[in-house]
Structure formats: structure tokens, C-alpha cells
Protein chains: 2
Amino acid sequence: MAMLSVAPAGYVVSRHALASANKCHSGAFRPTAGAARILHLRLDSVTAKPSEPATTEAVDDYLKAILELSGPEENRVTSNALAGHLGIRPASVTGMLQKLAGQRPSFIRYKKHHGVFLTDTGKHRAMEVIRHHRLLERFLHDVLDFSWDEVHDEAERLEHYISEHLEDRIAAKLGDPDVDPHGHIIPEKNGAAAVRAETVLAKWPCGVPAVISSVSDKDPAALREMKRRGLLPGASLIVEPGTRSASLAVRISGNPPARLSQELASRILVVHR
Amino acid sequence: MAMLSVAPAGYVVSRHALASANKCHSGAFRPTAGAARILHLRLDSVTAKPSEPATTEAVDDYLKAILELSGPEENRVTSNALAGHLGIRPASVTGMLQKLAGQRPSFIRYKKHHGVFLTDTGKHRAMEVIRHHRLLERFLHDVLDFSWDEVHDEAERLEHYISEHLEDRIAAKLGDPDVDPHGHIIPEKNGAAAVRAETVLAKWPCGVPAVISSVSDKDPAALREMKRRGLLPGASLIVEPGTRSASLAVRISGNPPARLSQELASRILVVHR
DNA sequence: TTGTAAATTTAGGTATGGCTAAATATTTAT
DNA sequence: ATAAATATTTAGCCATACCTAAATTTACAA
């Protein structure tokens with residue numbers, strides 16, 4: 001159970017650009033106008049504490065990507081890995097990392113040629129966006145009847161744009177759920193999230209009883225197939241000692257024995273029963 | 001009852017940038033990357049009809065502003081008026097209008113020094129965004145317990161980012177409502193919207209029975225005051241022949257006689273009872 | 001240890017969308 | 001009709017964020 005140590009101290013809500021943040025200055029300095037919508041910023045009451053920098057959609061995506069790629073060991077993440085994950089060029093990543101690293105305070109710590117990792121501030125923002133995403137998935141699924149293969153794309157877009165207030169209302173409406181429709185743990189509002197010792201089904205030992213803890217939400221077709229075959233979070237199963245090359249012999253509780261492709265098995269995470 | 005004549009023909013949904021729209025070309029031409037999120041675009045089946053240009057948040061805001069400022073008579077709108085309405089400099093408006101007018105097909109028709117007006121395509125997109133806004137307000141209010149002074153800001157942001165699918169689910173969940181919490185008519189999915197002959201309460205003749213049809217949703221404080229005083233859409237009232245200078249003597253059905261500031265009365269629209 | 005392949009960064013560009021200051025049109029008043 | 005006032009546009013910039021091509025490191029192998 002690893003908690004994220006985020007300083008909940010000066011965090012006072014208020015996300016999204018204040019209308020006045022972009023007003024006209026008549027003097028010599030330019031008001032810093034731009035195309036990207038500023039997504040959140042902080043008000044540290046009156047005391048001029050160094051507030052968390054505002055983010056944009058792009059910044060949020062970088063922070064999430066770094067968090068995901070650095071794994072539980074919190075390794076440094078390379079520019080190339082980020083570029084691959086984000087679907088952009090490594091050169092673009094370098095530019096963004098340099099800009100982010102130059103901010104004070106900064107979301108990231110970056111050393112040329114040696115990768116990047118998140119500061120506590122960065123981790124906090126990343127967890128916040130992930131909380132938005134998973135709450136939205138749960139909400140779209142439970143309240144608005146989206147199927148579990150439809151929720152990801154919609155949530156991926158909206159996660160950047162919902163206010164603190166809407167986040168709270170959604171959580172309340174759902175009764176503060178623990179997991180999203182794919183079994184992923186929803187971080188708490190302070191950024192804390194339990195970590196489960198999950199294993200990819202493709203690597204789970206034969207004969208050992210397992211329960212599906214979560215599945216990847218990225219591929220709608222795979223999700224539809226999983227649903228069809230009873231491969232839902234919470235389902236019990238045992239991998240039989242069948243061929244391990246291209247497919248896996250699996251006995252899913254309540255279903256007839258089946259064979260799963262490695263492809264599908266690599267999208268399913270399990271824990272001990 | 002003025003209908004917006006929009007060709008529902010080749011409109012096939014699919015808003016929001018396709019993931020592949022921004023992929024790498026290896027050749028000489030650049031893939032046109034940018035900071036602003038592309039909000040929608042159309043697939044005209046296989047037939048290569050000229051599809052509606054994709055919009056961004058900024059473009060949506062311009063289209064809405066032009067629609068609102070041109071009024072029911074569909075007058076041309078000046079750059080200055082747009083600048084004032086959008087809170088930006090006139091020079092910035094000129095730049096955007098030139099860019100939009102240069103698109104094929106275009107959302108607007110623009111003549112230097114002589115203002116701008118919407119094409120049918122532009123009207124359609126503007127109505128679509130307004131539909132999003134009002135559906136969202138209704139949804140936030142009815143389903144997520146937002147108060148009627150809180151819904152505007154949230155809807156103003158989200159209106160640009162909800163998919164066609166989410167729009168449909170929200171409408172279904174609400175039972176295809178006709179009006180938002182402030183009494184504004186929600187356009188239909190094809191862009192059509194009824195037009196009511198509303199009059200500002202401040203200009204309503206004394207002694208003539210009236211019903212509140214809608215109120216401005218822009219000022220939360222004013223909305224709270226209205227609610228406190230029973231000034232809700234549907235409420236009946238009569239303006240008494242009291243002083244018309246700074247305040248209005250009004251008898252609101254079910255409430256004791258009251259005096260409204262011109263300020264407040266200018267935010268309330270009424271129709272004949 | 002030195003070379004080379006792979007990873008990463010620099011340099012220079014594009015597009016969006018906003019700003020200022022300085023022109024230029026248009027409108028209004030005389 | 002014309003000058004002054006007002007409105008609008010042009011020209012030149014800034015910031016975000018992405019791209020390609022050409023350096024430059026770094027890391028690994030001989």
C-alpha cells in the first residue's frame with residue numbers, strides 16, 4: 001500500500017484560467033497570450049506562496065505519461081519512451097521537458113540525456129488527472145449508459161476540463177467509488193492511491209487460482225471480446241497447462257474452458273485469489 | 001417560429017480530432033501540428049463532399065459571438081463589437097475573421113471594414129455549441145445538483161469538448177428537454193430552434209400581465225438574488241406604475257410587492273401571460 | 001580505448017491565437 | 001465638402017506545441 005506523499009498544505013482548488021488572467025496590459029510587457037487553454041491554477045489564499053504552475057492539456061498528458069512509464073520504482077523516463085508513448089517526436093519531447101524543468105516550482109526534474117522524473121507537485125497533478133479520468137469513466141458507464149469500451153476516449157478528453165466542483169459532484173453521485181469500470185483504482189482527492197501487486201495474465205503461473213483485477217481500457221475491440229467471454233474484473237480463473245506459445249488455455253469460473261490469445265492475455269491483469 | 005435551414009444531408013457525426021490526423025509524414029510536407037485541440041470534424045461518408053472545417057474552442061466562441069450579436073435580423077457584426085463581446089483586441093478579431101473567411105467551405109462571410117455574418121454552416125455549428133451548453137446546464141442542474149448560478153461557467157468550458165455521443169446520452173437521460181435552467185430554448189439536434197418574442201422586463205409596459213420566459217445566466221450573484229425573490233422562469237408578474245428611474249415596482253405572483261433595480265430588470269426577459 | 005550505432009538535443013519552421021503600435025478607412029460633425 | 005473622430009486593418013511580436021533535419025552525446029562492443 002504505497003501512498004503518494006503530496007503536501008496538501010496550500011492547495012486551495014480553483015482550477016481553470018481566471019477570466020482576468022489574460023487581460024490587457026497597456027504597458028510594455030505583453031500579457032502572454034496563447035492558443036492553449038490553461039486548465040488549472042492555484043490560489044494560495046493571500047500569502048504569496050509559490051503556487052503550482054497552471055497546466056495545459058499537453059502538460060497534463062506529459063505528466064501522466066511520465067507517471068505511467070516510470071512505474072512503481074519511479075525510474076527516470078527517457079525522451080524516446082515519452083515520445084513513443086505520446087505519439088510525438090523525441091525532439092518535441094525535449095522542448096517540452098526543457099520548458100517544464102525551467103518552471104519554478106516545477107512538475108519535473110530533468111537532466112539532459114538522462115531522462116526525467118516527477119516532483120511531488122508533478123505526481124500530484126498527474127494523480128489528479130487520473131482521478132478525473134477514472135471517475136469520468138465510472139460516471140459515463142453507470143449514469144449515462146456508456147458501454148465499457150466507449151468510456152475511455154470520452155474520459156480522455158474531458159479529464160482535462162472538469163472543475164474541482166464537478167469532480168466532487170460526480171464522486172458524490174457515484175458514492176465515492178474505489179475503481180473504474182476496468183478495475184483501475186481511483187486515486188483519492190489528496191492524490192493517494194493504493195497499489196496492488198498485479199501480474200499480467202500472460203505471465204501468471206499455470207494452476208494457480210487468480211482473480212482479474214483490471215484490464216487495459218485502451219482497445220475497444222479487445223474490451224468487447226473480453227466482455228463476451230466473461231473476462232471482467234472480479235472474475236476467477238485458472239490457467240491450464242496448455243500451450244503457451246500463441247494462446248493460453250484458461251478456465252474462467254462460470255464459463256466453459258477457453259483459449260485466449262497472448263494479445264488478449266497481455267491486456268488482463270490478475271491477482272491471487 | 002424561425003427555423004435554421006441546415007442541410008442535414010451529409011452530416012455523419014464524428015467530432016474531435018481523429019488520432020491519426022496528426023501522424024508523421026516522412027516526406028517533405030509538414031503534418032500541421034499545433035497547440036489548439038481540434039474539436040470536431042465531419043466524415044461525409046465516402047463521397048468527397050466539401051466537409052465542414054474542424055473547429056477549435058476559439059472558433060466556436062467566435063461563431064457563438066457572431067450569432068448572438070447579429071440578432072434575429074441577422075445583421076452584419078463589426079470587429080469592434082466582436083472584440084468587446086469576446087474580451088479581446090479588435091486587431092485579433094480581424095486576424096481570425098480573415099483566417100475563417102479564407103477557409104473553403106467557410107463558417108463566415110466577411111468584407112473588410114464592413115463586418116461579418118454567418119453562413120448556414122456557421123449557423124449550424126454555432127447552434128450545435130449552444131445546444132451543448134444548454135443541455136449541459138440542464139444536466140449539471142438536474143442530475144448533478146449544481147445550483148442555477150453555478151452551471152454557466154462549467155457548461156461554457158465543457159460545451160466545446162463533449163462528443164456527439166455524450167450529447168445524445170445527456171439529452172436522453174434528461175428526456176430531451178426544451179429549455180435550460182434559465183429558460184433558454186435548447187436547439188434541436190438539427191440546429192433548429194424556436195424564437196420567442198421576448199421583451200426585457202425593464203421595458204415591459206406597466207399593468208400588463210407577464211410571465212418570465214428566461215433570465216441571463218452570466219452573473220451568479222444576480223441569479224442568486226432572483227431565486228431569493230421568486231424571479232424564476234414561469235413566474236407571473238405585473239409591473240406597477242411605480243417610479244421607473246432607478247427601480248421598478250413589481251408584483252410577483254405568490255410574493256409580496258417588491259422593487260427591482262433596473263440592473264436586475266434588465267437581466268429578465270418576459271412574454272405575454 | 002576507440003568507434004560506431006542509438007539516443008537525444010539543437011536549430012529552424014509551421015499553425016493557432018492573442019497583443020501593441022502604426023497605418024488606413026469610414027463615419028460624423030461642421 | 002472636408003476635417004476630425006472613430007473604427008478597422010496591417011505589420012511585427014510572443015507563447016504554446018508540434019515537426020524535420022542536422023548536430024551532438026552517450027553507451028556498447030570490439
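Quick note on labels: first sequence line is chain A, next is B, and so on, each numbered from 1.
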Within the side chain of [X], is there an N or O that forms a donor-acceptor pair under 3.5 Å with the backbone of [Y]?
| X | Y | result |
| --- | --- | --- |
| B:Arg109 | B:Phe117 | no |
| A:His184 | A:Val215 | yes |
| B:Ser92 | B:Ile88 | no |
| A:Arg76 | A:His114 | yes |
| A:Glu154 | B:Ser163 | yes |
| B:Thr119 | B:Ser106 | yes |
| B:Arg157 | A:Tyr161 | yes |

From CA spacing to verdict: side-chain hydrogen bond (donor to acceptor under 3.5 Å, both in side chains), A:His152, A:His133: CA-CA 8 Å; A:His152 176 75; A:His133 183 96; 3.3 Å; yes
Nearest whole Å is fine: how far is [N] [atom2] from [X] [atom1]?
| X | N | atom1 | atom2 | value |
| --- | --- | --- | --- | --- |
| A:Asn80 | D:dA27 | CG | P | 14 Å |
| A:Asp60 | D:dA17 | CG | P | 10 Å |
| A:Glu57 | C:dT16 | CD | C1' | 14 Å |
| B:Asp61 | C:dG18 | CG | P | 9 Å |
| B:Ile38 | D:dC18 | CD1 | P | 13 Å |
| A:Leu97 | D:dC18 | CG | C1' | 14 Å |
| A:Arg89 | C:dA7 | CZ | P | 14 Å |
| B:Leu63 | C:dG17 | CG | C1' | 15 Å |

Close side-chain approach of B:Asp219 to B:Asp149, heavy-atom, < 4.5 Å: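 Contact flag for B:Asp219/B:Asp149 side chains = no.
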Aromatic plane relationship, A:Phe146 with B:His165 - under 30° parallel, 30 to 60° tilted, over 60° perpendicular: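 Tilted.
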Touch class at under 4.0 angstrom, heavy-atom based, for B:Ala58 against every strand present: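 Result for B:Ala58 = sugar-phosphate.
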Touch class at under 4.0 angstrom, heavy-atom based, for A:Ser79 against every strand present: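 It contacts sugar-phosphate atoms only.
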The helix from C:dT1-D:dA30 to C:dT30-D:dA1: angle between end helix axes, five pairs per end, rounded to 10 degrees: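 Terminal axis comparison yields 10°.
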Taking the side chain of [X] as its heavy atoms from C-beta onward, which of [options] lies nearest to it?
| X | options | value |
| --- | --- | --- |
| A:Tyr110 | C:dT9, D:dC18, C:dT8 | C:dT9 |
| B:Pro90 | D:dT9, D:dA17, C:dT16 | D:dT9 |
| B:Gln98 | D:dA21, D:dA17, D:dT9 | D:dT9 |
| A:Thr56 | D:dT16, C:dC19, C:dG17 | D:dT16 |

Most 5' of A:Thr78 and B:Tyr62 on DNA chain C, judged by nearest nucleotide: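 By nearest-heavy-atom nucleotide position, the 5'-most residue is A:Thr78.
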Atom pairs under 3.5 Å: protein N/O with N/O of nucleotides 25-29 of chain C:
{"from": "C:dA25", "atom 1": "O4'", "to": "B:His113", "atom 2": "NE2", "distance (Å)": "3.4"}

Under 4.0 angstrom between B:Thr94 side-chain N/O and D:dT9 OP1 or OP2: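 For D:dT9, OP1/OP2 do have a side-chain N/O of B:Thr94 under 4.0 Å.
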